[in-house]
K.L.:
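Just dropping this structure here.
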Amino acid sequence: MAALIFPPAPTVGQRFPVNPGTAGISQWVYDGAKWNAVLSTVSLGTTNQDAYNTYQWPNADGSANQQLTTDGTGNLTWSVPGTGNLVALGIDSGTPFDGLTVSFPLVLLGTATSFTPNPSTNIVVFLGGVPQTPNNAYTISGATIVFTAAPLAGTTFYAVSSVVS
């Protein structure tokens, strides 16, 4: 990494570099005695500068634990992030593992409430405590799990998925 060489005779308020233009480069301002980092500046790099400048940034800082959120048209606002929740899943008790059946309704564990992972890959499945490989061992279709081979009768099943509220 090259050394940062400041101008030898700066004036008060002078910024260096004038336009950082490179990702990760900080800007500095001279206060008459020393150079101070300009903490409110961010350089995304020349190729990203246009994207940075086309956003409508909020005028004020957000509150603790808020995140920048876009409306999809370039307007940024501060918002509270969604809370991720893990849910435990089982199979419907009316369709136990019998060594022949490959298709089972997914339910919230201990209930008869149907559950559809969204997206369908948003699930981790265990048979007999062993994690299963998606697409090799099973596929998900809506609220139904379909195994490539019928699980043995009496095999334990559980799965976890996440939902965002």
Side-chain angles (χ1 to χ4, degrees), residues 1-2 4 20-27 37-165:
M1 180 172 163
L4 187 59
T22 302
I25 299 298
S26 297
Q27 189 177 49
V38 179
L39 300 178
S40 62
T41 63
V42 175
S43 178
L44 299 175
T46 305
T47 58
N48 294 322
Q49 202 69 41
D50 289 337
Y52 175 81
N53 290 331
T54 59
Y55 285 111
Q56 181 63 45
W57 294 84
N59 289 327
D61 189 9
S63 299
N65 300 317
Q66 286 188 321
Q67 65 184 19
L68 278 175
T69 305
T70 180
D71 64 1
T73 64
N75 297 307
L76 300 175
T77 56
W78 292 105
S79 64
V80 176
T83 304
N85 296 303
L86 289 178
V87 293
L89 304 175
I91 58 168
D92 187 277
S93 60
T95 316
F97 289 149
D98 59 9
L100 302 171
T101 307
V102 295
S103 180
F104 301 89
L106 289 170
V107 295
L108 294 174
L109 191 62
T111 73
T113 305
S114 179
F115 183 85
T116 301
N118 186 15
S120 62
T121 55
N122 188 17
I123 187 171
V124 179
V125 173
F126 299 86
L127 284 179
V130 178
Q132 301 300 298
T133 306
N135 299 320
N136 290 339
Y138 69 91
T139 58
I140 302 293
S141 178
T144 302
I145 186 166
V146 180
F147 291 98
T148 54
L152 298 174
T155 300
T156 57
F157 171 89
Y158 68 95
V160 289
S161 185
S162 63
V163 293
V164 177
S165 58

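Quick note: residue numbers are just sequence positions, from 1.
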K.L.:
Are Phe115 and Pro105 close enough that some pair of their side-chain heavy atoms sits under 4.5 Å apart?
P.N.:
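When only atoms from C-beta onward are counted, Pro105 and Phe115 do not touch, as no gap falls below 4.5 Å.
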K.L.:
Any idea which heavy atoms bring Ser103 and Thr95 closest together, and the distance?
P.N.:
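In terms of heavy atoms, the two residues are closest at O-CG2, 4.1 Å.
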K.L.:
Atom CG of Asn75 and atom OG1 of Thr69: how far apart are they, to the nearest 0.5 Å?
P.N.:
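Here the rounded value is 12.0 Å.
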K.L.:
Over 60° means perpendicular and under 30° means parallel, so classify the ring planes of Tyr158 and Phe126, tilted if in between.
P.N.:
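Phe126 and Tyr158: parallel rings.
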K.L.:
Nearest heavy-atom pair of Asn65 and Pro81: which atoms, and what distance?
P.N.:
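Scanning both residues, the minimum pair turns out to be O-CD, 3.2 Å.
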K.L.:
Using 0.5 Å steps for rounding, measure from the CG atom of Leu86 to the OG atom of Ser161.
P.N.:
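Spacing of CG (Leu86) from OG (Ser161) equals 8.0 Å.
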K.L.:
To the nearest 0.5 Å, what is the distance between CD on Gln67 and CG on Leu76?
P.N.:
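If I round to the nearest 0.5 Å, the distance is 11.5 Å.
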K.L.:
Between Ile140 and Asn122, is there a side-chain heavy-atom distance shorter than 4.5 Å?
P.N.:
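No, every pair of side-chain atoms sits at 4.5 Å or beyond.
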K.L.:
Side chains of Thr148 and Asn136 only: does a donor on one sit below 3.5 Å from an acceptor on the other?
P.N.:
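The answer is no; no qualifying pair exists.
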K.L.:
Just one of Leu127, Val102, Val125 clears the side-chain contact (heavy atoms from CB on, under 4.5 Å) bar with Tyr138, so which one?
P.N.:
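Among the candidates, only Val125 passes.
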K.L.:
Quick one: do Phe157 and Ile145 satisfy side-chain contact (heavy atoms from CB on, under 4.5 Å)? Show the steps, please.
P.N.:
CA-CA 11 Å; Phe157 171 89; Ile145 186 166; 4.1 Å; yes
K.L.:
Do Leu106 and Pro117 have side chains that get closer than 4.5 Å, going by heavy atoms?
P.N.:
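Yes, close enough: below the 4.5 Å cut-off.
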K.L.:
Closest approach of Asn135 and Thr139, non-hydrogen atoms and distance?
P.N.:
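Nearest heavy atoms, Asn135 then Thr139: OD1-CG2, 4.0 Å.
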K.L.:
Counting only heavy atoms not in Asp71 (residues, nucleotides, ligands), do more than 12 fall under 6.0 Å from its CG?
P.N.:
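Yes, enclosed.
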K.L.:
Should Leu89 and Leu108 count as side-chain neighbours, where that means a heavy-atom distance under 4.5 Å?
P.N.:
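In contact.
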K.L.:
Looking at every non-hydrogen atom in both residues, tell me the closest pair between Gly128 and Thr155 and how far apart they are.
P.N.:
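So the two residues come closest at N-CG2, 3.7 Å.
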K.L.:
Give me the atom names and distance for the closest heavy-atom approach of Phe97 to Pro151.
P.N.:
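Answer, listing the atom of Phe97 first, then Pro151: CE2-CG, 3.5 Å.
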